[in-house]
A.B. asks: 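Next up is a structure, given as C-alpha cells.
Note that the coordinates shown come from a computational prediction; the quantities given were computed from them, not determined experimentally. The chains referred to below are lettered A, B, ... by the order of the sequence lines, with proteins before strands, and numbering in each begins at 1.
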There are 2 protein chains.
Amino acid sequence: MTEQHETPGGVSGETLRAVQKDIPQATVARLAAYLRVLAMLADDGVPIVSSEELAVAAGVNSAKLRKDLSFLGPNGVRGVGYDVAKLRARIEDVLGLSEGHRVVLVGAGNLGRALVGYGGFRRRGFTVVGIFDNDPEMIGLPVAGLEVRDVADLAEAVAELRPTIAVLAVPEDAAQQACDQLVAAGLQSILSFAALGLQAPASVEVRRVDLAVEMQLLSFERARNAENDNDALAVLPEAAAASGRAARSPASAARAATVPAAITRSAGPRATSHQAMEPTSKGSVVTP
Amino acid sequence: MTEQHETPGGVSGETLRAVQKDIPQATVARLAAYLRVLAMLADDGVPIVSSEELAVAAGVNSAKLRKDLSFLGPNGVRGVGYDVAKLRARIEDVLGLSEGHRVVLVGAGNLGRALVGYGGFRRRGFTVVGIFDNDPEMIGLPVAGLEVRDVADLAEAVAELRPTIAVLAVPEDAAQQACDQLVAAGLQSILSFAALGLQAPASVEVRRVDLAVEMQLLSFERARNAENDNDALAVLPEAAAASGRAARSPASAARAATVPAAITRSAGPRATSHQAMEPTSKGSVVTP
DNA sequence: AACTGTGAAAACTTTCACAGCA
DNA sequence: TGCTGTGAAAGTTTTCACAGTT
C-alpha cells in the first residue's frame, strides 16, 4: 500500500492514503486497463512511452490519460514520456497489487477450471492457492496443480492459505451459501459469477460479473447502430456502404469493449475498435 | 423517449429510434440490471413494484432509477408504481432484446462450456445456436445438445444459423484469428474473453470481458477500505471492531458488485451490499 | 396518501489549451 | 522542440425536491 516509486526514501502511508481517496472512480477503472498495455510494452522491451502512444493503445484520448495519471502524482518526464517500468509499478501500487494476491476459488466446474487456467490471471499477480467444491466426485481431483478440497474445510484452509481474494464460480443456487462460508472464513473481497446479488456484510466487497448484462449491452449497441446505419443509408448510401475498416460515426466511435469487472462493472469505459475502454461502469459485465 | 406501451396501436420505428439515441450511456448500463431484478420479480409473481423497491433491489437510489426510466417515456402509474411485466417488456424493447438473440460460441474449452451451461443466458433470451472449435479432438463432440463444428465452417454455418451475436472464448493466441473469421462471416457483435484488444472494423462492436481487470478493481477497493478502516480504528476503535453485518462508511457504501460487461465494462456502476450497480461501464470486467 | 416524472442544482468527468520543464 | 501536468471550460450524470396524477 504505502510507497512511491520515483522518489527514493520512504514515503509514508499518509501519502498513498491521500492518493487513493482522491482518485475518481472513472480513473481507477481505467488504471487497470493502462496496466495491461504497460505489461505488454514491458514484455516487448519498450522502455519509454508517450501519453499519446499509451492512450491510443488503451483506447482513450491522451488528455484523459494524462489527467488520470496526474492523480497519482508526477509520473513522467516532460518532453520525453513515461518510464514503462516505473509507471507500471506506480499503478500497481495504487491499485494495491504490488504485493500480489492469493486467491481461493470456490467451484471447480467448467467455469472454475476455465478461470484457474486463464493465463492473464497469474501473469497479473493473482495466484490461485486453493480450489474448493462441494461435489464428492470432484474433491481430491487435481486441477491446475492443486487438489480440489471440500468446501466444508474452507474456514480451516483459509487460516492456512491466507487468501486475500475469493472467486465464486458455483451454480446460482449454491452461491449464497458459499458466499456466507467465505464471509465466515474471513474473506473480505469476493468476485462472484452468480447472476444474483449476494447478501453480505457491508464490510465485504462483493463484485459481480454477469455475462448476460454484457450481452445485453452488446444488443443495445447493435440496435442503436442499426438505427444509425439506416439513417446514414437514407442520406448517404455510398458512404455507408463503404464501411469496411472505415471510420465509425463519432457517436458510436466512443464505444468499444471493456468490462469494468471480470465480466462486468458496468458502466465501464468505452474505447475505439482495437482497444476499448470504459471499464466500468458502465461497461462491463458489472451489474447491480 | 417517445413511445408508449400502454397505448395499443403500432408504434413506429421512428419512435424507438429517437429513444435509443438519447438514452445516456450510464442509464443503458443500468437498464440491464433493472431487467434482472424485474425478471426475478416476475418469477415471484409480483405484479407491481415501486421505484423505491426496484431501486433498492438493483442497488441504486430511487431518484436515479426514476430518472433512468423517464428516458424510456412514461412507464409507471403515479401513486401506484410500475407494472412489472410492462416495464420489463419496455426495457427489453429498448435494449433490442425483444426478438431474442441467436448466439454462436467460438471455443468449446472450459470457458466455452461454462458459458453455454450458464442458465442465466437462455433465461434472458440468448439462445446458443452453434458451437465451434479448431481442435479436431473437440469437433463432433456434443456440448449442451449441439455438436461442436469446425471453426473453418464458420462462414457457411453463419449463413445457415443467422446469429446476431458471437461469443469468443478461445486462448489469447487464437483470438485475433477467430475474430477475423467472425468478422468475415458477417458477425457484427462480438463478446470476447481474450484479455487483449481485438482489431476489428469500426462497424463491428467488440466487447471485452477481462477477468483480471475485475480482480484489480477488487484489489483497489480492498486497499482503500483497509485505509479507511485504519483511520476509523485510530479514532473509533470499538465502532470499527463491531463491524459484522453493520453499516459501511458512506464513502464506501456506494461500492459493490456489478460488472458492466460479461466480466466488465469497466468503470461500471456500483451498488450496495446485497445488490450492486454501476455496470460498466464501467463497472464490470469491461476493460479497454 | 402514495408514488411517478421532471426541471433545476450539484457533483463528477472529459476535453481543451497552454504554461512549464527537459 | 516535444511532451507532461493542469487550470479552466464544456459536457455528462447524479441528486434534490416538488408539481402532477391516481
A.B. asks: When every nucleotide of nucleotides 16-22 of chain D is labelled 5' to 3' by its protein contacts under 4.0 Å (heavy atoms), B for base, S for sugar-phosphate only, - for none, what sequence of letters results?
C.D. replies: BB-BBBS
A.B. asks: Just the rounded figure in Å: distance from C1' of C/dT13 to CG of A/D68.
C.D. replies: 10 Å
A.B. asks: Checking B/K86 against B/N75 for the side chain to side chain contact (heavy atoms under 4.5 Å, CB included) test, could you report, in this order, the C-alpha distance in whole Å, the side-chain angles of both residues, the deciding distance, and whether it holds?
C.D. replies: CA-CA 8 Å; B/K86 243 184 221 165; B/N75 290 287; over 6 Å; no
A.B. asks: Between atom CZ in A/F71 and atom P in D/dG5, what is the gap in whole Å?
C.D. replies: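 Rounded to the whole Å, the gap is 13 Å.
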A.B. asks: Does B/D44 reach the main-chain N or O of B/V46 with its side chain, forming a donor-acceptor pair under 3.5 Å?
C.D. replies: no
A.B. asks: Run the numbers on B/I91 and B/L69 for side chain to side chain contact (heavy atoms under 4.5 Å, CB included), then give the verdict.
C.D. replies: CA-CA 9 Å; B/I91 295 177; B/L69 296 185; 4.2 Å; yes
A.B. asks: Kindly point out which of C/dG5, D/dT14, C/dT14 is positioned nearest to the side chain of A/A26?
C.D. replies: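 Of C/dG5, D/dT14, C/dT14, C/dT14 is nearest to the side chain of A/A26.
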A.B. asks: Write down the distance between CZ (A/R90) and P (D/dG5), rounded to a whole number of angstrom.
C.D. replies: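 In whole Å, D/dG5 P and A/R90 CZ are 12 Å from each other.
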A.B. asks: Could you tell me whether a side-chain N or O of B/S219 sits under 3.5 Å from a main-chain N or O of A/L95, the two making a donor and an acceptor?
C.D. replies: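 Present.
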A.B. asks: Would you kindly say whether B/S189 and B/E205 are connected by a side-chain donor-acceptor distance under 3.5 Å?
C.D. replies: no
A.B. asks: Report the distance from atom CG of A/L31 to atom P of C/dT13, rounded to the nearest whole Å.
C.D. replies: 13 Å
A.B. asks: Any donor-acceptor pair under 3.5 Å linking the side chain of B/R222 with the backbone of A/Q188?
C.D. replies: yes
A.B. asks: Rounded off to whole Å, could you give me the NZ-to-P distance for the A/K64 and D/dG7 pair?
C.D. replies: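 Answer to the nearest Å: 20 Å.
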A.B. asks: In whole Å, I'd like the distance from the CG atom of B/D22 to the P atom of D/dT12.
C.D. replies: 11 Å
A.B. asks: Salt-bridged, A/D83 to A/R90, with N to O below 4.0 Å?
C.D. replies: no
A.B. asks: When the distance from OH of A/Y82 to C1' of D/dC3 is rounded to whole Å, what number comes out?
C.D. replies: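 The answer, rounded to whole Å, is 9 Å.
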A.B. asks: Go through the side-chain N and O atoms of A/S98 and A/E92 and say whether any donor and acceptor fall under 3.5 Å apart.
C.D. replies: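 No, because no side-chain N or O of A/S98 sits under 3.5 Å from a partner of the opposite role on A/E92.
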A.B. asks: Roughly, in whole Å, what's the span from CG in A/L65 to C1' in C/dT15?
C.D. replies: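 The answer, rounded to whole Å, is 14 Å.
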A.B. asks: Which parts of residues 46-55 of chain A get close to DNA chain D, meaning a heavy atom less than 4.0 angstrom away?
C.D. replies: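 Those residues are A/S50, A/S51.
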A.B. asks: Should A/R88 and A/D93 count as an ion pair when the cut-off is N to O under 4.0 Å?
C.D. replies: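 No salt bridge links A/R88 with A/D93.
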